[in-house]
Protein chains: 2
Amino acid sequence: MQRTYTIRQLTKEFDVTARTLRFYEDEGLIAPERRGQTRIYSNRDRARIILILRGRRVGFSLAEIREILDLYDTHHDGGVKQTLHARRKFEEQLHKLERQKVDIEDSLVELRRAIGAIDSAIADGKLTAPSVESHRVAAE
Amino acid sequence: MQRTYTIRQLTKEFDVTARTLRFYEDEGLIAPERRGQTRIYSNRDRARIILILRGRRVGFSLAEIREILDLYDTHHDGGVKQTLHARRKFEEQLHKLERQKVDIEDSLVELRRAIGAIDSAIADGKLTAPSVESHRVAAE
DNA sequence: CATAACGCTTACGTCAACGTCAAGCGCGAT
DNA sequence: ATCGCGCTTGACGTTGACGTAAGCGTTATG
């Protein structure tokens, strides 16, 4: 198991640009070490990137993602107050995602219905007629 | 069942600004009629708005949403080619949403795990100690 | 040793999705 | 008749999430 990664390795693995990874660093989402100027990414950094990209795919803003990452970092060594704050935030995200899941399932149902309708129209031969633009429209 | 709506009614119903609805019109997502200058939204417009907002919530861009709406409009009266194009596009969206659903489910699992961990820490009384900032830290 | 290949910083550019004025029109109530 | 309200059309501003170009240092390869 590799311990460290260059920026280039990660860009290829996750299909993001180096600009993006540096930007995430500027925004405080990751903090790779340096050997001189050069960034050295650890497995921890890599794990965070995976979380970031998944968060991005499900529609979280970078600010929200940063907040979650911070909570994961700090809710252990903070006091009760910090921990309860983290719990509340986690539940917020939870509810947001649950709503989103419903939206997605509804959309999936509709899309499958639309595709099914197209397929049965094709099966019924209702679409074998060429379009309006057909060059055979007047023959028959 | 109401047949038409003012812009204000819709902004209240869906909690969006009038600016947003006008913007969607500029972008070709809806096309309400006019009584003079004033926009009159039909049930069809309203249905499209519902689709737009749900699409937005699940992370589609307005361009993607417009494409889908256009497909719903035109794949009926187009020829076979149009219809098959629509089918392909619908399947693209379908796969995108399925991937997204997996991401969401994974995120939900993690969030529930994190919340569960917090809860058991609390139940075990491992969090009753005040934070570092405590005013009683030196007494004992 | 020159020239990629990779890495860095700084800084301006871009695109989507609206927000935010500014200025004006129609119209029902006072 | 004018007040204010709601609606309208520009047009510029803003925010998030990067893209892109300039310019430079380091490593490796023919």
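Atom set for the values below is all heavy atoms of this structure, side chains included, hydrogens, waters and symmetry mates excluded. Bear in mind the structure is a predicted one, so any value in this text is a computation, not a measurement. Order of the sequence lines sets the chain letters (A, B, ...), proteins ahead of strands, with each chain counted from 1.
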- Message: Side chains of A:Val102 and A:Glu98, heavy atoms from C-beta outward: is any pair under 4.5 Å?
- Response: no
- Query: Is the shortest side-chain N to carboxylate O distance from B:Arg3 to B:Glu33 below 4.0 Å?
  - Reply: no
- Message: For B:Phe90 and B:His75, take the angle between the two ring planes, folded into 0 to 90°, and tell me which bin it lands in: parallel under 30, tilted 30 to 60, perpendicular over 60.
- Response: perpendicular
- Message: Just to verify, which of A:Arg66, A:Arg56, A:Arg19 counts as forming a side-chain hydrogen bond (donor to acceptor under 3.5 Å, both in side chains) with A:Tyr24?
- Response: A:Arg56
- Task: Look only at the side chain of A:Gln100 and the backbone of A:Val58, and say whether a donor-acceptor pair between them is shorter than 3.5 Å.
- Result: yes
- Item | Residues in contact with DNA chain C, drawn from residues 19-37 of chain B - heavy-atom cutoff 4.0 Å | B:Arg19, B:Thr20, B:Phe23, B:Tyr24
- Message: From CD1 of A:Ile49 over to C1' of D:dC18, roughly how many Å is that when rounded to an integer?
- Response: 16 Å
- Evaluate the side-chain proximity of B:Leu62 to B:Ile65: yes if any heavy-atom separation is below 4.5 Å, no if none is. yes
- Any donor-acceptor pair under 3.5 Å linking the side chain of A:Arg35 with the backbone of A:Ile40? no
- Query: How would you give the extent of chain B contacts on DNA chain C, as first and last nucleotide 5' to 3' within a 4.0 Å heavy-atom cut-off?
  - Reply: C:dA17 to C:dT20
Please list each protein N or O that sits under 3.5 Å from an N or O in nucleotides 22-29 of chain D, with the distance.
none

- Query: Given atom CZ of A:Phe60 and atom P of D:dA17, what is their separation to the nearest angstrom?
  - Reply: 13 Å
- Task: Respond yes when some side-chain nitrogen or oxygen of A:Thr17 is under 4.0 Å from OP1 or OP2 of D:dG19, and no when none is.
- Result: yes
- Can B:Arg87 and B:Glu91 be counted as an ion pair, charged N to O under 4.0 angstrom? yes
- Query: B:Gln9 CD to D:dG6 C1': how many Å, rounded?
  - Reply: 13 Å
- Message: Are the side chains of B:Thr17 and B:Thr11 in contact, using a 4.5 Å heavy-atom criterion?
- Response: no
- Check: A:Arg46 side chain, A:Tyr41 main-chain N or O, donor-acceptor pair, under 3.5 Å: no
